[in-house]
Number of protein chains: 2
Amino acid sequence: MSTSKPFHHGDLRKELVSVAREVIETDGIDALSLRGVARQAGVSTAAPYRHFDSKEKLLAEVARQGFEDLHDALDRGGQSPDPFQSLLDQSMAYLGFAMANPRLYRLMFASHIDKTKHPDLMEAGERTFAVLQARFDPATDPHAAARAIGCWGLVHGLASLAIDNQLDAHVQTDGGPHMRAILEPLVRALMAH
Amino acid sequence: MSTSKPFHHGDLRKELVSVAREVIETDGIDALSLRGVARQAGVSTAAPYRHFDSKEKLLAEVARQGFEDLHDALDRGGQSPDPFQSLLDQSMAYLGFAMANPRLYRLMFASHIDKTKHPDLMEAGERTFAVLQARFDPATDPHAAARAIGCWGLVHGLASLAIDNQLDAHVQTDGGPHMRAILEPLVRALMAH
DNA sequence: ACCTGAACACCGTTCAAGT
DNA sequence: ACCTGAACACCGTTCAAGT
């Protein structure tokens, strides 16, 4: 009883982020309360405020980590020597991450968080986009910027629709061949000329 | 004092929806409380429950009306005789609606609402998608379904990114020529063969 | 049939006080 | 330096009671 509790060995901040991420992926963001997170971490209601200015700051940190994970997934997904195949694989990796972490992905693009108020989060998002951006070379392609944005919009849109079960009636959303068939002609167009 | 209040002539339901939509577009969805809506409508805290089972039901009705408006915007946007031009115009109309009603558009695709629990909302969403779907004829094109979904994903993704100010650093998001330049090659690919 | 008042079980956030 | 206890001003939802 007199010994300190086993978790958060002086690292309550880390513990809060970890609990929050778990709650989000399990029960959804609307089910997450800062008080509940504190409860699960075994601390008082006010304790989180020693580490985060607000609930939003905690959510922003969870989202930031999400972008880092997505960034890694994209890196791993684009290794084919064939540029077209590589971008297609990378797009599928993007969709795979979103579908494997639907509520985290939603949070990363959620309205709850004003990105301009969280520079770390914004930077993580930019770094992730940069992976797609690197696929298009402005030196040899005058439309490189437009293509990169088109690519991001496409995969983000399909990911969002799939996550929200908006496609259930129209397509097999388990990341299987149907999704690839949807992407193929569009990714090809992005690589044309 | 003995005469009834001027608004909601027995139509509190309509008044609640109208107030809710206003609050959402003005202050954002996180700022909307059912108690606040009741207050603005001049009724008691419990009154909305005579017309909606829950806050979520009210939000679902606002979202449903949003889909009807988007549906109309798409209808008006696709009148050109040239099929390619028509689909491009329609895509721009989609983006225009989202950017003119950002918080409403977010609500329409928000995680706050489980669409499977609100058949009216789901149906309105399907009817809107059907406008895009009608652009592709399964009788003459074996990939009609895939193209329609690709098109929806593309415009939805670009709309979402634009709304969340994710594109500010990379593109002019006022619906001007830049957005059109992004869409053009992809819409062309959707119409190919 | 439609609305109110009061209550219940929650929130996010603050702040003096403890160690 | 880090955490607690108690408080403030809110929530969504329910339910007996009023007209």
Side-chain angles (χ1 to χ4, degrees), chain A residues 1-24 26-63 107 110-114 117-118, chain B residues 1-24 26-63 107 110-114 117-118:
Chain A
M1 276 299 234
S2 66
T3 58
S4 64
K5 284 161 198 160
F7 39 67
H8 79 80
H9 336 70
D11 209 345
L12 177 55
R13 188 191 151 89
K14 210 174 205 165
E15 175 71 9
L16 291 170
V17 174
S18 144
V19 169
R21 177 159 178 173
E22 223 176 281
V23 171
I24 286 164
T26 309
D27 302 318
I29 190 159
D30 284 349
L32 181 143
S33 78
L34 199 47
R35 291 171 98 111
V37 170
R39 223 148 36 217
Q40 275 194 57
V43 293
S44 77
T45 282
Y49 287 91
R50 291 299 113 202
H51 301 276
F52 296 96
D53 288 345
S54 62
K55 180 183 176 180
E56 191 181 329
K57 288 272 187 200
L58 172 58
L59 293 180
E61 173 57 18
V62 174
L107 173 68
S111 60
H112 309 274
I113 311 173
D114 180 0
K117 284 198 218 149
H118 308 274
Chain B
M1 276 301 231
S2 66
T3 58
S4 65
K5 285 162 196 157
F7 40 67
H8 80 80
H9 336 72
D11 210 346
L12 178 55
R13 189 191 151 88
K14 210 173 204 165
E15 176 71 10
L16 291 169
V17 174
S18 145
V19 169
R21 177 158 177 173
E22 223 176 281
V23 172
I24 287 165
T26 309
D27 302 319
I29 190 160
D30 284 348
L32 180 142
S33 78
L34 199 47
R35 290 172 99 112
V37 170
R39 223 146 38 216
Q40 274 193 56
V43 294
S44 77
T45 281
Y49 287 91
R50 291 299 113 201
H51 301 275
F52 296 97
D53 288 347
S54 63
K55 180 182 177 182
E56 191 181 329
K57 288 274 186 198
L58 171 59
L59 292 180
E61 174 57 18
V62 174
L107 173 68
S111 60
H112 308 274
I113 311 176
D114 179 0
K117 285 200 217 148
H118 307 275

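Note on naming: letters A, B, ... go to the chains in the order of the sequence lines (proteins, then strands), and numbering restarts at 1 for each one. Small disclaimer: the values here were computed from a predicted structure and weren't measured.
For the pair A:Lys57 and A:His118, the minimum side-chain heavy-atom distance is below 4.5 Å.
Spacing between atom NZ of A:Lys57 and atom P of C:dT14 amounts to 13 Å, rounded to whole angstrom units. Regarding B:Phe52, its CZ atom lies at a distance of 12 Å from the P atom of C:dC3, rounded to whole Å. Residue B:Glu15 contributes atom CD, which lies 16 Å from atom C1' of C:dC2 at whole-angstrom precision. Separating the CG atom of B:Leu34 from the P atom of C:dC11 is a distance of 18 Å, rounded to the nearest angstrom. Between the CG atom of A:Asp30 and the P atom of C:dC11 there is a distance of 13 Å, rounded to whole Å. Atom OH of B:Tyr49 is separated from atom C1' of C:dG5 by 15 Å (rounded to the nearest Å). One interatomic measurement links the two molecules: CG of B:Leu16 to C1' of D:dG12, which rounds to 15 Å at whole-angstrom precision. To the nearest angstrom, C1' of C:dG12 lies 12 Å from CD of A:Glu56.
Across all strands shown, D:dG12 is found opposite C:dC8 as a Watson-Crick or G-U wobble partner, with both distances under 3.5 Å. Under the Watson-Crick or G-U wobble criterion, with both distances below 3.5 Å, C:dC3 is left unpaired in every strand shown. Pairing partner, C:dA17: none, since no Watson-Crick or wobble contact has both distances short of 3.5 Å.
Among the nucleotides C:dC3, D:dC11, C:dG12, the one closest to the side chain of B:Ser33 is D:dC11. Across C:dC11, D:dG12, C:dT14, the shortest atom-to-atom separation from the side chain of A:Ala46 is found for C:dT14.
Counting any heavy atom pair closer than 4.0 Å across all strands shown, A:Thr45 reaches a base atom.
With A:Phe52 as the fixed residue, the side-chain contact (heavy atoms from CB on, under 4.5 Å) test singles out one of A:Val17, A:Val37, A:Leu34: A:Val17.
Atom CD1 in A:Ile29 sits 5.0 Å away from atom CG in A:Leu59 (nearest 0.5 Å).
Of all the heavy atoms in B:Leu16 and B:Pro48, the pair that sits closest is CD1-CA, 3.8 Å. When all heavy atoms are compared, the tightest approach of A:Ala20 to A:Leu58 is CB-CD2, 4.1 Å.
Mapping A:Arg50 and A:Arg35 onto DNA chain D by nearest heavy atom places A:Arg50 closer to the 5' end of the strand.
In this structure, A:Ser44 does not reach the D:dG5 phosphate: none of its side-chain N or O atoms is under 4.0 Å from OP1 or OP2. Distances shorter than 4.0 Å separate some side-chain N or O of B:Arg39 from OP1 or OP2 on D:dC11.
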